[in-house]
Protein chains: 4
Amino acid sequence: MKIPIDVSADRAEPMYHQIEEQLRALILSGQLAEGVLLPSIREFAADLSCSVITIRRVYQDLEQEGFLRTRQGMGTFVAKVAASDRERYRRDAVYYALKAAVEVGRRINCTADEIRSMLEELLTDYGEEGGSGNGNRD
Amino acid sequence: MKIPIDVSADRAEPMYHQIEEQLRALILSGQLAEGVLLPSIREFAADLSCSVITIRRVYQDLEQEGFLRTRQGMGTFVAKVAASDRERYRRDAVYYALKAAVEVGRRINCTADEIRSMLEELLTDYGEEGGSGNGNRD
Amino acid sequence: MKIPIDVSADRAEPMYHQIEEQLRALILSGQLAEGVLLPSIREFAADLSCSVITIRRVYQDLEQEGFLRTRQGMGTFVAKVAASDRERYRRDAVYYALKAAVEVGRRINCTADEIRSMLEELLTDYGEEGGSGNGNRD
Amino acid sequence: MKIPIDVSADRAEPMYHQIEEQLRALILSGQLAEGVLLPSIREFAADLSCSVITIRRVYQDLEQEGFLRTRQGMGTFVAKVAASDRERYRRDAVYYALKAAVEVGRRINCTADEIRSMLEELLTDYGEEGGSGNGNRD
DNA sequence: GTGGTCTAGACCACC
DNA sequence: GTGGTCTAGACCACG
């Protein structure tokens, strides 16, 4: 299975972080279903042009968080995620990001309407790239 | 002058970063006006319970960005900020934070309306703490 | 013959290890007597829902340890175990496990009495499941 | 501070595991109190004759478990452990080790008395090495 | 083939 | 000085 992940060594955020974040999102959004076999660490490392160690770390961290299950000699699989976790995550992830933005706005004395209009601007082309309907395969 | 800054060594973000960010916001929002004398490095370090080295770095970075002006033997002052910078900053800071939030939403298949309603929830008590009027005092 | 073995791929311990350990215990305790024919590799693998390779390894390891004897075309049998081995094993297996427990206790400053009382608690229902009489059937 | 840890690359258990286990025990037993600064990764690695990476992994794992707190540029410290965690750990660690031993005993038909007498034998010199009185500095 | 451990060493960020 | 990230590569364990 090809995993749609986009990382760059140029960003400030460490690569393993970027990968973890995106994999977590894929699992929690249901785009990577329970039981799916992920690429082997070597294969994935080649895909993303990074070291196998970086991928191993990703898999290890996510296993510890309960999102993956790896079995020696067999590979790494997507673990079962409680529906409640999925829901909570879905809400929290966006909520806290928005909250941070609002917080910044408050600090620099933005008006609420300024914030609203910026959001609308950002949402104009939102539906076109996959965020339209359901997508949540719960 | 007492600078209203809230930092914590417990957060993941490095302290110098937290301080710089908040000082920058205070200056760009006009809450720290041009010419204001900032605390001495030692005093500020004591206030924030951090190392003088950390404050030195903050002052140095912000001076390089043009927000501060240090004069030998006299101390560190808030520099003049161009109105255009202020405006650009005001817009960019919030805009990019919002953009990040929207990006997260797209990844996990949030609908645009879900995002809008979260924002409204966050904005309910927004005006009460200083975001009411017009923060551009230039 | 149906071999009463309980393994799970979910445990941290590798499967071949779990199986070997339990088979060894069955043989040394006399529950699998000399000359008993074990299931074929394929059959056993199916029973335990694991790979034939895993079973092959188990049989191989235990044959090397002298507990099994494989005869071409006839299958794998339980070998003769010296009474002394049986005795030594009986003692060692439990002894070293207890020793490890005591070692842990020492590290975290448990008192000897705390350890004793835990053991008693664990031994309350001990006799009911097979530990009653004399297990040495040599 | 010198940390009394005893590891060996010869054992089957991975070194990072051995170290983690012993550090965890030291913290949970109160022998390493909250706030204590641990050796730097390089120093500790030299002490234990292993790679800095192994130590970094140990520190990282234990931080994730909440036992350590590491701050870039400052070092790695013992975190606050809830008294309840300490108590639970104290009991569980020994209890499960004992349980495993009893389980082995049952499998090979040991009598309860055999197990008891082995334990007593192991406990004869128990008090002499620090497990006597309290030691729990809660 | 898979993942698990460990190595030596580089370079960066922080204090 | 501290820890944080990433590298390339070796060797072992597992299925």
Side-chain angles (χ1 to χ4, degrees), chain A residues 7 9 11-20 37-45 48-61 63 68-77, chain B residues 9 12-20 45 48-58 61, chain C residues 9 11-20 41 45 48-58 61, chain D residues 7 9 11-20 37-45 48-61 63 68-77:
Chain A
V7 295
R11 290 176 219 167
E13 195 184 6
M15 291 191 55
Y16 82 96
H17 241 169
Q18 300 176 41
I19 305 173
E20 287 184 7
L37 174 63
L38 292 182
S40 80
I41 53 178
R42 304 185 216 299
E43 189 184 340
F44 210 177
L48 302 182
S49 307
C50 70
S51 161
V52 293
I53 297 200
T54 302
I55 301 298
R56 217 177 63 67
R57 172 167 187 179
V58 168
Y59 280 5
Q60 201 170 278
D61 286 356
E63 176 165 24
L68 297 182
R69 171 93 187 106
T70 124
R71 297 207 275 202
Q72 200 169 180
M74 303 193 64
T76 302
F77 304 83
Chain B
E13 196 183 4
M15 291 202 57
Y16 86 98
H17 215 175
Q18 298 177 46
I19 304 173
E20 288 185 4
L48 302 182
S49 307
C50 70
S51 160
V52 294
I53 300 184
T54 302
I55 302 296
R56 205 175 57 74
R57 173 170 186 173
V58 167
D61 287 356
Chain C
R11 291 176 215 164
E13 196 183 5
M15 291 202 56
Y16 85 98
H17 215 175
Q18 298 178 44
I19 305 172
E20 287 186 5
I41 288 185
L48 303 182
S49 308
C50 70
S51 160
V52 292
I53 300 185
T54 303
I55 301 298
R56 205 175 57 74
R57 173 168 185 174
V58 168
D61 287 357
Chain D
V7 295
R11 291 176 219 167
E13 195 184 5
M15 291 190 56
Y16 82 96
H17 241 168
Q18 300 176 41
I19 305 172
E20 287 184 8
L37 174 63
L38 292 182
S40 80
I41 54 178
R42 304 183 217 297
E43 189 184 342
F44 210 178
L48 303 182
S49 308
C50 69
S51 162
V52 293
I53 298 201
T54 302
I55 301 296
R56 219 177 62 66
R57 171 168 190 178
V58 167
Y59 281 5
Q60 200 169 281
D61 286 356
E63 176 166 24
L68 298 182
R69 170 93 187 106
T70 125
R71 295 208 277 201
Q72 201 169 180
M74 304 192 62
T76 301
F77 304 82

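Hydrogens, waters and symmetry mates play no part in the numbers below; they use all other heavy atoms, side chains included. Reminder, nothing fancy here: chain letters follow the sequence lines and each chain counts from 1.
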Task: Which nucleotides of DNA chain E pair, in dot-bracket form (Watson-Crick or G-U under 3.5 Å, | meaning another strand) - done: ||||||||||||||.
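Considering CZ of A/Arg57 and NE2 of A/His17, their distance stands at 7.5 Å, rounded to 0.5 Å. Here the straight-line distance linking atom CG of B/Leu48 with atom CD1 of B/Ile19 works out to 5.0 Å at 0.5 Å rounding.
When the side-chain nitrogen and oxygen atoms of D/Thr70 are compared with OP1 and OP2 of F/dG4, one or more of them lie within a distance under 4.0 Å.
The CZ atom of D/Phe44 sits 14 Å away from the P atom of F/dT2 (whole-angstrom rounding). Straight-line distance from the CD1 atom of A/Ile41 to the P atom of E/dT5: 11 Å, rounded to whole Å. The distance from atom CG of A/Asp61 to atom C1' of E/dG3 is 15 Å, rounded to the nearest whole Å. The distance between atom CZ of A/Arg11 and atom P of E/dC12, rounded to the nearest whole Å, is 20 Å. Atom CG in A/Leu68 sits roughly 15 Å away from atom C1' in E/dT2 (whole-Å rounding). Atom-to-atom, CZ of A/Arg69 to C1' of E/dT2 comes out at 14 Å; the value is rounded to the nearest Å. Taking atom CD1 on D/Ile55 and atom P on F/dG3, their separation rounds to 11 Å, with Å as the unit. Atom CZ of D/Arg56 and atom P of F/dT5 are 6 Å apart (whole Å).
Nearest heavy-atom pair across A/Met15 and A/Val7 is CE-CG2, 3.9 Å. Shortest non-hydrogen contact noted between C/Ala9 and A/Arg69 is O-NH2, 3.5 Å. Taking all atoms of both residues into account, the shortest heavy-atom contact from A/Glu63 to A/Thr70 is OE1-CG2, 2.7 Å.
Taking 4.5 Å as the limit, some side-chain heavy atom of C/Tyr16 sits within range of a side-chain heavy atom of C/Asp61.
A search for side chain to side chain contact (heavy atoms under 4.5 Å, CB included) contacts involving D/Ile41 returns D/Ile55, D/Arg56, D/Tyr59, not counting sequence neighbours. With sequence neighbours left out, A/Arg71 forms a side chain to side chain donor-acceptor pair (under 3.5 Å) with C/Asp10.
Judged by closest nucleotide on DNA chain F, D/Thr76 is the one of A/Val52 and D/Thr76 placed further toward the 5' end. If B/Glu13 and D/Ser49 are placed on DNA chain E by their nearest nucleotide, the residue sitting closer to the 5' end is D/Ser49.
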- [ ] Assign a letter to each nucleotide of nucleotides 10-15 of chain F from its 5' end: B, base within under 4.0 Å of a protein heavy atom; S, sugar-phosphate only; -, no contact.
- [x] ---BBS
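Counting non-hydrogen atoms under 4.0 angstrom, B/Cys50 reaches nothing in the nucleic acid.
Under the 3.5 Å distance criterion, the side-chain polar atoms of B/Gln18 are matched with a main-chain donor or acceptor of B/Glu13.
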